[in-house]
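Got a structure for you, questions after.
When a ligand or atom number is given, it counts from 1 through the structure's own listing order. Every heavy atom of this structure was used, including side-chain atoms; hydrogens, water molecules and symmetry mates were not.
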Amino acid sequence: MSAYGVKIASTGSYIPERVVTNLDLERLVDTSDEWIQTRTGIRERHVAAEGETTSDMAAAAGRTALDRAGISPADLDLIIVATLSPDTFFPNTACYVQRKIGAGKCASFSIEAACCGFLYSLDVAASMLRGGGFKYALVIGAEKISMHVDWTDRTTCVLFGDGAGAVLLERVPADRNTFLASSLGADGNYTHLLRVPAGGSAMPITHEAIDQRENTIKMAGRETFKLAVNAMAGAAEEAMRRAGVTIDQVRWLVPHQANKRIISMVGQRLHIPEERVYINLDRYGNTSAASIPIAFDEIVRADRIAPGDTALFVAFGGGLTWAAAVVRW
Ligand code: UT7
């Protein structure tokens, strides 16, 4: 047992200005507002400006979290950015964030675990703080996922949006720990269900790959949907069991925002009333690694969570990966 625990000291988020509505997409592909709302729950999403990068959005969310906690960037010991849409393959996106927010020479790296990236990063940061060598960690989920979107593919382009969310983690004595438990998992047998085929070593970018749009998101939606419900419910149950928390004690279920129907089914499986399940995908779509920290920041800013309340985070994404965490505010 470590002498240290971890708490979420503050939150922040950033949403790019430009809104793309379902009606806008009706003009691009053969779809309808009615189909998108019924099948996904999404009404609109935000898309980053042309020159706006993932690290710009991550830095904005991170700065807000630091300001709210009254912590200087210079006090940071660690920055982790979860993203599947990095500024560059390398250097990693957290290094750009470090410079943009004026942090010192703290450890800075990125994690790619698709839509579970934020929860994986939270776990890694918490372990590092518990180890004793780090005190303040900025954990950010940030995506310019629009860069991966094929705007001619109606089966995927209606789903995604850009944005960033951040939490500032602080090392505290073990008896003040509020990061209660987590559960992470993956199944590499399903790498083919949700991916961007080209751009890595398996299929380097070539003119041909681009012509065939292999540099954009490909998803087997129906298969992914089915696996998502089981994996999310299972991870959430396991994290609650490890935390010694029952669903009646959970003030908010904060799920990854991929599809309203997935969220409802997970909520039903966990037996949590609808009014304690947070949904904002109607306004942002699926922002991948950014979705949970954006949602949690909204809850905190709206004063919809009180000190001592418990939140259950749960995510699912490409990999396939799944993750859940139980935190006390
Ligand atoms: O964030 C990471 C994890 N991602 C997910 O968890 C996403 C999981 N999957 C989903 O959310 C859903 O599967 C989708 C929203 C992607 C699709 O919904 P669905 O109810 O599973 O639809 P479907 O793929 O079974 O397609 C039903 C029909 C098809 O037409 P046919 O074959 O029945 O004639 C599609 O071609 O809907 C058609 N369709 C559309 N129609 C209008 C697919 N996309 C669209 C569209 N507009 N945008």
Query - Charged N-O contact under 4.0 Å between Arg242 and Glu238 - result: yes

Query raised in the report: How far is atom 18 (O) of ligand 1 from its nearest protein heavy atom, and which residue and atom name does that atom have?
Result: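 Ranked first by proximity to atom 18 (O) of ligand 1 is Arg261 NH2, 3.5 Å.
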
Requested in this report: Number the atoms of ligand 1 from 1 as they appear, then name those within less than 4.0 Å of a heavy atom of Thr40, with their elements.
Outcome: 15 (C)

Requested in this report: Consider every N or O of Leu194 and every N or O of ligand 1, then say whether any pair is closer than 3.5 Å.
Outcome: no

Report summary line: If we number the atoms of ligand 1 from 1 as shown, the ones under 4.0 Å from a heavy atom of Met219 are 4 (N), 7 (C), 16 (C)

Query raised in the report: When you measure from the side chain of Lys260 to the backbone N and O of Thr38, does any donor-acceptor pair fall under 3.5 Å?
Result: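 No; zero donor-acceptor contacts below 3.5 Å.
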
Requested in this report: Measure the distance from atom 9 (N) of ligand 1 to every protein heavy atom, then report the residue, atom name and distance (to 0.1 Å) of the closest one.
Outcome: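 For atom 9 (N) of ligand 1, the nearest protein heavy atom is Gly221 O, 3.1 Å.
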
Requested in this report: Provide the number and element of each atom of ligand 1 under 4.0 Å from a heavy atom of Ile262.
Outcome: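 That gives atoms 6 (O), 8 (C) of ligand 1.
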
**Report entry** Sub-4.0 Å protein heavy atom next to atom 34 (O) of ligand 1
**Finding:** no

Query raised in the report: Does the protein put a heavy atom under 4.0 Å from atom 6 (O) of ligand 1?
Result: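 Yes, there is a protein heavy atom closer to it than 4.0 Å.
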
Report task. Look at the side chain of Asp309 and the backbone N and O of Arg251, then say whether any donor-acceptor pair between them is shorter than 3.5 Å. Result ->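 Looks like no, no N/O pair under 3.5 Å.
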
Query raised in the report: For ligand 1, which atoms have a heavy atom of Val158 less than 4.0 angstrom away?
Result: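 Taking each heavy atom of Val158 in turn, ligand 1 has 48 (N) under 4.0 Å.
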
**Report entry** No-hydrogen, no-angle side-chain donor-acceptor test under 3.5 Å, Tyr96 and Thr88
**Finding:**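 On atom types as modelled, these side chains qualify, holding a pair under 3.5 Å.
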
Report task. Give the residue and atom name of whichever protein heavy atom lies nearest to atom 38 (C) of ligand 1, and the separation in Å to one decimal. Result ->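 Scanning the protein heavy atoms, the shortest distance from atom 38 (C) of ligand 1 goes to Arg154 NH2, 3.7 Å.
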
**Report entry** Under-4.0 Å heavy-atom contact between protein and atom 15 (C) of ligand 1
**Finding:**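 Yes.
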
Report task. Return yes if some donor-acceptor pair links the side-chain N/O of Gln98 with the main-chain N/O of Ala103 below 3.5 Å, else return no. Result -> no

Query raised in the report: Can you list the atoms of ligand 1 that are under 4.0 Å from a heavy atom of Cys115?
Result: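 Counting from 1, the qualifying ligand atoms are 1 (O), 2 (C).
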
Query raised in the report: Is the number of heavy atoms from other residues, nucleotides or ligands within 6.0 Å of CZ (Arg130) greater than 12?
Result: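 Count over threshold, so yes.
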
Query - Transitive ILVMFWY side-chain link Leu312 to Val327, under 4.5 Å - result: no

Query raised in the report: CD1 of Ile262 to NZ of Lys226: how many Å apart, nearest 0.5 Å?
Result: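 Atom-to-atom, Ile262:CD1 and Lys226:NZ are 12.0 Å apart.
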
Query raised in the report: What is the closest protein heavy atom to atom 43 (C) of ligand 1, and at what distance does it sit?
Result: Trp35 CZ2, 3.5 Å

Requested in this report: Please could you name the atoms of ligand 1 that Phe316 approaches to less than 4.0 Å, counting only its heavy atoms?
Outcome: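 Those atoms are 2 (C).
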
**Report entry** Taking atom 1 (O) of ligand 1 as the reference point, the nearest protein heavy atom with its distance
**Finding:** Asn286 ND2, 2.7 Å

Query raised in the report: With no hydrogens and no angle check, is any side-chain donor or acceptor of Arg171 less than 3.5 Å from a backbone partner on Phe134?
Result: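 Such a contact is found between Arg171 side chain and Phe134 backbone.
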
Query raised in the report: Can you tell me the protein heavy atom closest to atom 47 (N) of ligand 1 and the distance?
Result: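 Among all protein heavy atoms, the one nearest atom 47 (N) of ligand 1 is Thr31 OG1, 2.7 Å.
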
Requested in this report: Assign the ring pair Phe316 / Trp322 to parallel, tilted or perpendicular, where the plane angle (0 to 90°) is split at 30° and 60°.
Outcome: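 The rings of Phe316 and Trp322 lie parallel, inter-plane angle below 30°.
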
Query raised in the report: Considering only heavy atoms of Ala258, which atoms of ligand 1 have at least one such atom less than 4.0 Å away?
Result: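 So the atoms of ligand 1 that pass are 1 (O), 5 (C), 6 (O).
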
Report task. Write out the residue and atom name of the closest protein heavy atom to atom 32 (O) of ligand 1, then the distance separating them to 0.1 Å. Result ->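 Answer for atom 32 (O) of ligand 1: Arg222 NH2, 4.8 Å.
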
Query - Residue Arg39 vicinity, atoms of ligand 1 by number, heavy atom under 4.0 Å - result: 19 (P), 20 (O), 22 (O), 27 (C)

Query raised in the report: Starting from atom 10 (C) of ligand 1, which protein heavy atom do you reach first, and at what distance in Å?
Result: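 For atom 10 (C) of ligand 1, the nearest protein heavy atom is Asn259 ND2, 3.6 Å.
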
Query raised in the report: Is a salt bridge present between Glu298 and Arg283, judged by a nitrogen-to-oxygen distance below 4.0 Å?
Result: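 Here Glu298 pairs with Arg283 in a salt bridge, since their nearest N and O are under 4.0 Å apart.
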
Report task. Verify, without hydrogens or angle tests, whether Asp77 (side chain) and Lys135 (backbone) share a donor-acceptor contact under 3.5 angstrom. Result -> yes

